[in-house]
Amino acid sequence: MNECLFCKIVARTIPAALVYEDDLVVAFDDINPQAPTHTLVIPRKHVVSIAELQELDVGLLGHLMLAGNKIAKFKGITDTGYRFVVNTGAHGGQSVFHLHLHVLGGRHMAWPPG
């Protein structure tokens, strides 16, 4: 996926200040934050969206969530609470078509969200 923005971040052809990384995911702060803490967790493997996941990707999805928890702890928002968001497709608000988990916190989150 040579044209995917997030694939370029994974490949380090576009710079990003990584907050977290391991063998399966990388995480960095959103360039247009919607909360005081707004970090994106992306798989190194290119997956267009959560709708494209296969049975063999179940572990990857769980790993994204666990990485999100690590980031929330690192950012100091575990005691006050935080939200995970995965946008899927254009109507779901997805603007970069590479699966990513938003970790949002540092303020009260309203409901309904959209």
Side-chain angles (χ1 to χ4, degrees):
M1 292 272 97
N2 293 339
E3 297 175 25
C4 173
L5 174 67
F6 288 172
C7 287
K8 289 178 181 180
I9 290 172
V10 169
R12 305 261 165 80
T13 57
I14 291 179
L18 301 184
V19 172
Y20 175 83
E21 69 176 315
D22 62 28
D23 291 344
L24 298 177
V25 302
V26 299
F28 49 92
D29 291 331
D30 196 297
I31 62 169
N32 185 25
Q34 301 301 304
T37 295
H38 188 169
T39 302
L40 302 178
V41 186
I42 67 171
R44 290 181 183 275
K45 170 185 173 183
H46 182 81
V47 178
V48 172
S49 74
I50 202 165
E52 302 294 321
L53 290 173
Q54 304 294 315
E55 288 289 329
L56 58 98
D57 295 316
V58 169
L60 177 61
L61 188 57
H63 194 83
L64 282 171
M65 297 293 188
L66 291 175
N69 285 339
K70 288 177 184 178
I71 289 159
K73 185 174 182 177
F74 173 74
K75 295 283 189 162
I77 58 173
T78 54
D79 289 342
T80 56
Y82 53 96
R83 178 176 287 170
F84 287 164
V85 175
V86 177
N87 299 321
T88 306
H91 283 196
Q94 187 175 8
S95 59
V96 177
F97 291 90
H98 182 121
L99 175 62
H100 54 286
L101 173 74
H102 297 258
V103 180
L104 299 151
R107 68 168 171 81
H108 179 78
M109 300 288 156
W111 194 262

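The shortest heavy-atom contact between V48 and Q94 is O-NE2, 2.8 Å. When all heavy atoms of H46 and C7 are compared, the pair lying nearest together is ND1-SG, 3.3 Å. Residues P36 and G106 share a closest heavy-atom pair of CG-O, 3.4 Å. Closest approach of V103 and G68 over heavy atoms only: CG2-CA, 3.9 Å. Between I71 and A27, the closest heavy-atom pair is CD1-CB, 3.3 Å. In terms of heavy atoms, V25 sits closest to A67 at CG2-CB, 3.9 Å.
Listed by first then second residue, pairs satisfying salt bridge (Lys or Arg N to Asp or Glu O under 4.0 Å) with a partner in residues 25-41 read D29-K75, not counting sequence neighbours. Identified under the salt bridge (Lys or Arg N to Asp or Glu O under 4.0 Å) test for residues 79-103, with sequence neighbours left out: none. The stretch residues 47-62 participates, sequence neighbours left out, in these side-chain hydrogen bond (donor to acceptor under 3.5 Å, both in side chains) pairs: K45-D57. Listed by first then second residue, pairs satisfying salt bridge (Lys or Arg N to Asp or Glu O under 4.0 Å) with a partner in residues 86-95 number zero, not counting sequence neighbours. Sorted by first then second residue, the salt bridge (Lys or Arg N to Asp or Glu O under 4.0 Å) pairs that include residues 96-113, not counting sequence neighbours, number zero.
Test V86, T39, N87 against H102 for side chain to side chain contact (heavy atoms under 4.5 Å, CB included) and you get one pass: N87.
Its side chain within the 4.5 Å cluster rule, M109 clusters with V85, L104 among the Ile, Leu, Val, Met, Phe, Trp and Tyr residues.
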Between side-chain atoms of residues 10-21 and protein atoms elsewhere (two or more places apart, or another chain), which donor-acceptor pairs fall under 3.5 Å?
from: R12; atom 1: NH2; to: E21; atom 2: OE1; distance (Å): 2.8
from: R12; atom 1: NH2; to: E21; atom 2: OE2; distance (Å): 3.0
from: T13; atom 1: OG1; to: K8; atom 2: O; distance (Å): 3.3
from: Y20; atom 1: OH; to: D22; atom 2: OD2; distance (Å): 2.8
from: Y20; atom 1: OH; to: K70; atom 2: NZ; distance (Å): 3.3
from: E21; atom 1: OE1; to: R44; atom 2: NH2; distance (Å): 2.8

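Taking CG of L61 as the start and CE of M65 as the end, the distance is 5.0 Å to the nearest 0.5 Å. Going from atom CZ of F97 over to atom CG of L5 covers 12.5 Å, rounded to the nearest 0.5 Å.
Residues that satisfy the ring-ring contact (aromatic ring centres under 6.0 Å, His included) test with F84, not counting sequence neighbours, are Y82. Annotation: side chain to side chain contact (heavy atoms under 4.5 Å, CB included) contacts of F6 (sequence neighbours excluded): C4, I9, F28, L40, I42, V96, H98, H100.
No more than 12 heavy atoms of other residues, nucleotides or ligands sit less than 6.0 Å from atom CD1 of I31.
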